[in-house]
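Just follow the structure's listing: the first ligand is 1, and inside any ligand the first atom is 1.
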Amino acid sequence: MTVTKAPAPSANHCSRDLREWLTHLSATDRLAVAKPGLGLKHELAAVSQRLERDKAVLFPSPDGHAVPVAANLLASRGWIGDCLGVSEDDVIGRYQDAVRNPMPWVEIDRGPVQDVIHRDVDINAQLPVPTHNELDSGPYIAAGLMISRNPTNGIQNVSIHRCQISGKDRIGVLLLPRHTWTYAQLAEEAGEALEVAIVIGVDPASLLASQAIVPLDFDEMEIAGAFHGAPVEMVKCQTNNVRVPARAEIVLEGRVLPGVAEPEGPFGEFPQYYGRRANRHVIQVDAITHRKNPIFHTIVGGGMEHLLLGGLPREATLLETLQRNDPSVLDVHLSRGGVCRYHLVVKIRKKQEGQAKNIMMGAFAGHYDIKQVTVVDEDVNIHDGEAVEWAVATRFQADRDLLVVGNTQSSKLDPTTTDDGVGAKMGLDATIPLAADEFTFTVIQVPGAGDIDLDKVLDDDDAAAAIIAGDNRGE
Ligand code: MN
């Protein structure tokens with residue numbers, strides 16, 4: 001299926017909320033609407049998956065529920081460029097710029113996200129929460145920005161975690177040992193619950209900001225502000241001290257309970273396998289607030305939107321790290337076949353022999369998810385899997401250009417790693433040897449093929465018929 005092409009980027013086009021983005025998608029023929037009443041269990045995800053590289057989709061009255069669901073907000077890198085106001089090629093540079101120049105948010109008194117307040121919480125009655133993959137344990141909030149506060153200094157963190165609906169006001173949540181987990185540990189050591197908010201239905205730039213690989217106590221909402229070119233307006237939750245985007249659609253206010261662990265999972269994850277069931281953190285939900293006619297956003301686990309959201313922020317961070325070590329690095333790409341996490345392609349302007357292997361080791365150290373690094377020269381299009389394979393086929397020899405490192409820390413969601421996440425790394429140097437003679441690696445080309453005007457040189461179908469019939473031969 002071909003990707004619906006994004007329009008040429010307009011300067012500073014950055015939707016302020018989910019509705020502005022849906023309006024923009026609709027105006028550019030990228031928003032489909034399902035017939036009312038499709039099923040929340042599997043049917044909604046099935047339709048989303050079929051359209052995932054082509055169109056966003058709105059589901060009115062899913063299972064008769066009053067609240068509609070939106071899916072596929074980002075279908076390609078071109079769409080990400082569109083939402084950040086740059087071309088596809090400038091997306092990484094724009095992301096790096098926003099991380100280097102964060103913009104703090106401002107607090108306002110009230111916002112539409114608190115137009116309706118439910119203190120008597122019943123999640124599945126109040127919100128249309130879908131079930132996506134076959135063996136998922138049940139309905140999951142999959143696209144909620146979890147905002148938490150560091151209990152020692154009040155700085156907020158933003159990230160996305162899978163949230164299983166475990167009861168009418170209870171959520172089971174997977175916290176990997178990163179920032180939200182650290183805040184929950186700090187709260188638990190003080191014998192307290194961690195105040196959180198789960199924010200559903202924001203603009204795509206805020207979703208991208210939430211996935212930044214930045215240090216602890218770096219508030220990701222400030223990256224969203226940088227994308228918007230204006231501070232994000234936030235309001236204080238009704239039942240705790242967390243601040244949430246005023247223009248969001250829906251917020252669940254709650255607390256991560258100290259010392260409580262209950263079963264969560266399985267859930268279909270980005271490697272296209274299930275994260276298994278285990279005892280995990282529990283959130284007690286104290287209130288749900290939302291706009292007057294809210295829209296619920298979901299991300300189908302393992303789908304295109306899930307992969308794009310995880311991949312691009314990692315590319316921006318890895319490029320920053322690799323360029324700091326070696327300015328010969330020009331660009332990086334986490335390929336779709338490598339689940340936008342595991343397989344990295346690095347483009348370099350090679351200056352010295354051996355350089356590629358140093359770069360591989362830098363990438364392995366840059367993020368534990370990186371499993372395979374392929375280093376290519378600057379003439380290779382790293383976003384084209386065929387071009388990268390061609391470089392490996394014609395510029396790589398396994399006995400001298402392969403690097404394997406065993407027993408390293410790797411992704412726990414990769415089914416070939418051990419339970420404690422130990423696996424191996426592989427690097428392929430597909431760059432041309434500097435000492436090679438020029439002719440050996442001269443790439444063939446037909447002069448003029450790239451810029452010839454076919455309308456000027458091609459005749460019509462009648463001319464073909466005449467030639468085949470022999471009409472024009474002077475015999
Ligand atoms: Mn963080």
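Ring geometry for Tyr140 versus Phe267: interplanar angle of 30 to 60°, hence tilted. Note: His306 and Phe270 have perpendicular aromatic rings, judged against thresholds of 30 and 60 degrees for the angle between ring planes.
For His161, the side-chain hydrogen bond (donor to acceptor under 3.5 Å, both in side chains) partners at least two apart in sequence or on another chain are Ser159, Thr180. For Arg349, the salt bridge (Lys or Arg N to Asp or Glu O under 4.0 Å) partners at least two apart in sequence or on another chain are Glu378.
Inside a sphere of radius 2.8 Å centred on the Mn ion (ligand 1), the protein N/O/S atoms present are Asn157 OD1, His179 ND1, Glu220 OE2.
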Please report, to 0.1 Å, the donor-acceptor pairs under 3.5 Å made by any side chain of residues 123-132, with sequence neighbours excluded.
unit_1	atom_1	unit_2	atom_2	d
Gln126	OE1	Asp122	N	2.9
Gln126	NE2	Asp120	O	2.9
His132	NE2	Thr298	OG1	2.9

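Geometric assessment of Arg30 against the ring of Trp79 yields a positive cation-pi assignment under the 6.0 Å and 45° thresholds.
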